[in-house]
J.: 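Sharing a structure with you now.
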Amino acid sequence: MCKLGLARTYQVPKPFTDLTVTENIELAETFGGSTAQGRKKLGTTDEICEMVGLGGKRDVLARILSVSEKKRLEVARAVATSPRLLLLDESAAGLNSQEGEWFSSFGKRLRDEWGLSIVWIEHVMRVLMRSVDRVVVLDHGVKIGEGAPADIVKDERVLQAYLGGRVEQG
């Protein structure tokens, strides 16, 4: 799938724990990456480390990283494959608001600066609302809403399904 331009992350990071940050990224690039068919390489291993905020941890074993750092490494490994489409699975789950904000900003940067298309499954709504153009809401596998984030937060079907009813403003 990587060779075709599709990369994904996991909700629970799955790095190679006995490899360093650098080795994890190099492995993804070597065996999953392809710049064929006009795909642009998003950076060297060192640049990708810096891009995800792990520049100072290049030689650290993945098992020693914090949860937030492992999630950043997960994204770095996906980015190293030079994808056209990036699937993010619950990147902000289990993170504090500052860490979640980083993912929100980084998602926008991947989209705006590198032109990646991103499908992001996320339940931390404050992260999504700051970084996406369009939201599709599913309830038990059925689409119940689609549109701009500002419209989705007012959609009665979405409010009913996820909050149990109307939320009063103020």
Side-chain angles (χ1 to χ4, degrees), residues 1-17 21 24-25 28 32-34 39-40 42 48 51-54 62-63 65-170:
M1 297 307 292
C2 285
K3 300 281 185 198
L4 295 173
L6 177 67
R8 64 149 315 171
T9 65
Y10 293 91
Q11 179 176 354
V12 176
K14 299 185 182 301
F16 293 96
T17 57
V21 167
N24 266 275
I25 295 169
S34 174
R39 285 174 28 211
K40 180 173 93 173
L42 298 180
I48 291 171
M51 191 187 309
V52 300
L54 293 175
R63 72 170 169 258
L65 299 175
S66 69
V67 171
S68 177
E69 291 167 336
K70 285 178 183 173
K71 285 183 175 260
R72 288 178 188 224
L73 178 56
E74 191 79 6
V75 173
R77 292 182 333 141
V79 165
T81 68
S82 303
R84 282 192 198 113
L85 176 63
L86 178 60
L87 306 175
L88 298 176
D89 185 13
E90 298 284 354
S91 298
L95 303 182
N96 66 35
S97 43
Q98 182 181 11
E99 294 163 339
E101 182 57 38
W102 180 89
F103 274 96
S104 179
S105 297
F106 191 66
K108 283 193 283 191
R109 186 174 174 207
L110 288 172
R111 179 195 66 204
D112 296 344
E113 293 180 29
W114 289 289
L116 284 183
S117 294
I118 301 171
V119 174
W120 195 343
I121 297 165
E122 185 63 67
H123 287 92
V124 181
M125 298 314 298
R126 72 181 182 284
V127 170
L128 276 187
M129 294 304 170
R130 294 181 183 143
S131 57
V132 302
D133 298 323
R134 184 171 67 103
V135 177
V136 176
V137 181
L138 302 176
D139 182 30
H140 299 286
V142 176
K143 183 171 83 170
I144 62 168
E146 179 176 1
D151 297 331
I152 287 299
V153 297
K154 298 178 209 162
D155 185 296
E156 289 296 327
R157 293 169 299 174
V158 173
L159 293 173
Q160 185 64 40
Y162 283 91
L163 302 175
R166 189 172 211 346
V167 176
E168 296 299 322
Q169 297 295 320

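Given the structure is predicted, the values throughout are model-derived calculations rather than measurements. All residue numbers refer to positions in the sequence shown, counting from 1.
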J.: To the nearest 0.5 Å, what is the distance between OG1 (Thr9) and CG (Leu87)?
T.: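 Going from OG1 on Thr9 over to CG on Leu87, the span is 8.0 Å.
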J.: Per the salt bridge (charged side-chain N to carboxylate O under 4.0 Å, His left out) rule, what does the pair list look like for residues 97-106, sequence neighbours excluded?
T.: Glu101-Arg130
J.: How long is the gap from CG on Leu110 to CG on Leu86, to the nearest 0.5 Å?
T.: 6.5 Å
J.: Can you list everything that forms a side chain to side chain donor-acceptor pair (under 3.5 Å) with Ser66? Sequence neighbours excluded, please.
T.: Glu69
J.: Measuring from atom CD of Glu74 to atom CG of Leu88, what distance do you get when rounded to the nearest 0.5 angstrom?
T.: 10.0 Å
J.: Applying side chain to side chain contact (heavy atoms under 4.5 Å, CB included), name anything that partners Phe16, two or more places apart in sequence or on another chain.
T.: Leu19, Asn24, Leu27, Arg77
J.: Over all heavy atoms of both residues, which pair between Gly145 and Ile152 is shortest? Give the atoms and the distance, please.
T.: C-CD1, 3.8 Å
J.: Which residues satisfy the salt bridge (charged side-chain N to carboxylate O under 4.0 Å, His left out) test with Asp133, sequence neighbours excluded?
T.: Arg111
J.: Enter the distance from Ser68:OG to Leu54:CG here, rounded to the nearest 0.5 Å.
T.: 8.5 Å
J.: Determine whether Pro13 and Leu73 make a side-chain contact, defined as any pair of heavy atoms from C-beta on separated by less than 4.5 Å.
T.: no
J.: Counting only pairs under 3.5 Å, give me each side-chain donor-acceptor contact of residues 119-128, with atom names and distances, residues two or more places apart or in other chains.
T.:
residue: Trp120; atom: NE1; partner: Glu122; partner atom: OE1; Å: 3.0
residue: Glu122; atom: OE1; partner: Ser91; partner atom: N; Å: 3.1
residue: Glu122; atom: OE1; partner: Ala92; partner atom: N; Å: 3.0
residue: Glu122; atom: OE2; partner: Val124; partner atom: N; Å: 3.3
residue: His123; atom: ND1; partner: Glu90; partner atom: OE2; Å: 2.2

J.: Considering all heavy atoms of both residues, which atom of Ala7 and which atom of Thr81 are nearest to each other, and what is their separation?
T.: CB-OG1, 3.5 Å
J.: So which heavy atom on Ile118 is nearest to which on Gly107, and how close?
T.: CD1-O, 3.5 Å
J.: If you look at every heavy atom in Ala76 and Ile48, which pair is closest and at what distance?
T.: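 Taking every non-hydrogen atom into account, CB-CG2, 3.6 Å.
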J.: Who are the side chain to side chain contact (heavy atoms under 4.5 Å, CB included) partners of Arg63, not counting sequence neighbours?
T.: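 Residues passing side chain to side chain contact (heavy atoms under 4.5 Å, CB included) with Arg63: Thr17, Asp18, Leu61.
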J.: Are any non-hydrogen side-chain atoms of Met1 and Arg8 less than 4.5 angstrom apart?
T.: no
J.: For Arg72, give me all partners under salt bridge (charged side-chain N to carboxylate O under 4.0 Å, His left out), at least two apart in sequence or on another chain.
T.: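 Expected list: none.
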J.: Pairs in or reaching into residues 139-153: which pass side chain to side chain donor-acceptor pair (under 3.5 Å), with residues at least two apart or in two chains?
T.: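 Checked against side chain to side chain donor-acceptor pair (under 3.5 Å) - neighbours excluded - the pairs reaching residues 139-153 are Arg134-Glu146, Lys143-Glu146.
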J.: For the residue pair Pro83 and Ala78, what are the closest heavy atoms and their distance?
T.: CD-O, 3.5 Å
J.: Does any non-hydrogen side-chain atom of Asp155 lie less than 4.5 Å from one of Val137?
T.: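 No, every pair of side-chain atoms sits at 4.5 Å or beyond.
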J.: Please name all residues satisfying side chain to side chain contact (heavy atoms under 4.5 Å, CB included) with Val12, sequence neighbours left out, ordered by chain then number.
T.: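 Partners of Val12 by the side chain to side chain contact (heavy atoms under 4.5 Å, CB included) criterion come out as none, since no residue qualifies.
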